[in-house]
A.B. asks: 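Before I ask anything, let me first share the structure, which is written out below as structure tokens.
First the proteins, then the strands, lettered A, B, ... as listed; each starts at 1. Side-chain atoms are counted along with the backbone in the values below, which use heavy atoms only and exclude waters and symmetry mates. Remember, it's a predicted structure, so these values are computed and weren't measured experimentally.
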Amino acid sequence: MSRRGARVSPAWVRRRLLAWYDTNARRFVWRRRRASPWLVLVSEFLLRKTGARKVDPIVRELIRLAPSPEALLRVPSRRIGSLIHPLGLQNMRARALRQIAGTLVAEHGGRVPRDAEALAALPHVGRYMVNSVLTVGFGEPRPIVDANVMRLLHRVHGVREVVEIHRADNLWDLAGRHLPKGDVESAKRLNWALVDFGALVCTARAPRCPICPLRERCPAARGRRTVSGRRSSVPTQLPLSMRKNDPKHRSGGGR
DNA sequence: AAAGCGGGGGA
DNA sequence: TCCCCAGCTTT
């Protein structure tokens, strides 16, 4: 048993994850350098509750059909719906996309605003999407916290610490402390690394601890090691208090 | 803070 | 079947 108080530093996690990402990155349209804020916004919206592998080809088609918010408004909803049908939720999503595009046209000249508050005011856009669009679409690094990132932080930093951090409303700050400073591309890669890692290695069920580059310092993996051969499990369920993102954006602090 | 939404897919 | 998902909105 290692010392209780020993904490895994964000810097160490960052190094390991970036190294892991070098050879395990997934490639998607919205990760290309020339991806426009509109493409990023549309992608993030479709990615909600939906596997990235499926979203990728559909985003390509959708963007070809609707390369801008104005263009999207000219496409019949039914057409949008049938295009995104393979992703599910097609009616709700077609409607929501139209609302988003309509707001962009009506209030922002048909362009995606480079502003956190303006983005957050868009319908169906919350903190995760705001930060992702700013980071990827505009090159302004912000932390992202989704179910994957929450789970990873929860495991690698330990339940108690994350709960305390959450109670202090600092979960986003903790994610932010993993971001490399001064280099936008590295920040993007780290955010993507967190998400890919959560999707491919630190999965909700049956996490792949044996191949995990964080296992030597991960309390959850340590608890899972067995002497007797009985598999104890890595916690899959997040504490109730962590199941949802904080709806409110805390100003100040940050860094 | 908690429920509702909304449906697909993996284990 | 059950449980989770690259969340957000509403109560």
A.B. asks: May I have the distance from A:L46 (atom CG) to B:dG6 (atom C1'), rounded to whole angstrom?
C.D. replies: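 The answer, rounded to whole Å, is 15 Å.
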
A.B. asks: Output the rounded distance in Å from CD1 (A:I100) to P (C:dG7).
C.D. replies: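 In whole Å, C:dG7 P and A:I100 CD1 are 15 Å from each other.
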
A.B. asks: In this structure, how many angstroms lie between the P atom of B:dG6 and the NE2 atom of A:H85, rounded?
C.D. replies: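 After rounding, the gap between these two atoms is 15 Å.
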
A.B. asks: Using a 4.0 Å heavy-atom cut-off, does A:V125 contact any base of the nucleic acid, only the sugar-phosphate backbone, or nothing at all?
C.D. replies: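 A:V125: backbone/sugar contact only, no base atoms under 4.0 Å.
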
A.B. asks: Please state the P separation for the pair B:dG6 and C:dT11 - nearest whole angstrom.
C.D. replies: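 B:dG6 and C:dT11 have their P atoms separated by 14 Å.
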
A.B. asks: Name the nucleic acid region contacted by A:L122, choosing base, sugar-phosphate or nothing; use a 4.0 angstrom heavy-atom cut-off, strictly under.
C.D. replies: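 Counting heavy atoms under 4.0 Å across all strands, the contact made by A:L122 is with sugar-phosphate only.
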
A.B. asks: Of the nucleotides C:dC5, C:dA6, B:dG6, which has the atom closest to the A:A147 side chain?
C.D. replies: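 When the side chain of A:A147 is considered, C:dC5 is the closest of C:dC5, C:dA6, B:dG6.
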
A.B. asks: What nucleotide, of C:dA6, C:dC8, B:dG6, holds the atom closest to the side chain of A:H124?
C.D. replies: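 The answer is C:dC8, which lies nearest to the side chain.
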
A.B. asks: Once you apply a heavy-atom cut-off of 4.0 Å, does A:R31 come out as touching a base, just sugar-phosphate, or nothing?
C.D. replies: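 It contacts base atoms.
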
A.B. asks: Please give, in whole Å, the distance from C:dG7 C1' to A:D146 CG?
C.D. replies: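 Atom CG in A:D146 sits about 9 Å away from atom C1' in C:dG7.
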
A.B. asks: Is the cationic atom of A:R111 (NZ for Lys, CZ for Arg) positioned less than 6.0 Å from the six-membered ring centroid of A:W38 and within 45 degrees of its normal?
C.D. replies: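 The answer is no, since A:R111 fails at least one limit relative to A:W38.
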
A.B. asks: Which nucleotide sits closest to the side chain of A:N148: C:dC8, B:dG7, C:dA6?
C.D. replies: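 Closest of the options to the side chain of A:N148: C:dA6.
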
A.B. asks: If you go through the side-chain atoms of A:R205, does one of them form a donor-acceptor pair with the base of C:dC4 closer than 3.5 Å?
C.D. replies: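 Looking at the base of C:dC4, it does not pair with any donor or acceptor on the side chain of A:R205 (distance under 3.5 Å).
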
A.B. asks: Heavy-atom count around A:R26 CZ within 6.0 Å, excluding the residue itself: above 12?
C.D. replies: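 It does: A:R26 CZ has more than 12 such atoms within range.
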
A.B. asks: Taking all non-hydrogen atoms of both residues, which atom of A:A94 and which atom of A:S77 are closest, and how far apart?
C.D. replies: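 Smallest heavy-atom distance, with atoms named: CB-O, 4.1 Å.
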
A.B. asks: With both distances under 3.5 Å as the test, what is the Watson-Crick or G-U wobble partner of C:dT11?
C.D. replies: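 WC or wobble partner is B:dA1.
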
A.B. asks: Whole-Å distance between B:dG8 P and A:R53 CZ?
C.D. replies: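 It works out to 20 Å between those atoms.
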
A.B. asks: Looking at the side chain of A:K54, which of B:dG7, B:dG8, C:dA6 is the nearest nucleotide?
C.D. replies: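 Closest nucleotide among those given: B:dG8.
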
A.B. asks: Between atom CG in A:L47 and atom C1' in C:dC4, what is the gap in whole Å?
C.D. replies: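 Going from A:L47 (CG) to C:dC4 (C1'), I get 16 Å.
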
A.B. asks: Verify the contact: side-chain N or O of A:K49 to OP1 or OP2 of B:dC5, cut-off strictly under 4.0 Å; return yes or no.
C.D. replies: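 No, because none of the side-chain N or O atoms of A:K49 sits under 4.0 Å from OP1 or OP2 of B:dC5.
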
A.B. asks: Among C:dC4, C:dG7, C:dA6, which nucleotide sits nearest the side chain of A:A204?
C.D. replies: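 Of all the options, the side chain of A:A204 is nearest to C:dC4.
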
A.B. asks: When you get a sec, tell me which of C:dC8, B:dG7, C:dC4 is the closest nucleotide to the side chain of A:Y128?
C.D. replies: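 From the listed options, C:dC8 comes nearest.
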
A.B. asks: Expressed as a whole number of Å, how far does the P atom of C:dA6 sit from that of B:dA3?
C.D. replies: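 Per the computed distance, 23 Å lies between those P atoms.
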
A.B. asks: Taking only Lys NZ, Arg NE, NH1 and NH2, and the carboxylate oxygens of Asp or Glu, determine whether A:R60 and A:D56 approach each other closer than 4.0 Å.
C.D. replies: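 Answer for the salt bridge query: yes.
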
A.B. asks: Between A:D196 and A:R189, does any side-chain N to carboxylate O distance fall below 4.0 Å?
C.D. replies: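 Judged by the 4.0 Å cut-off on N to carboxylate O distance, A:D196 and A:R189 do not form a salt bridge.
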
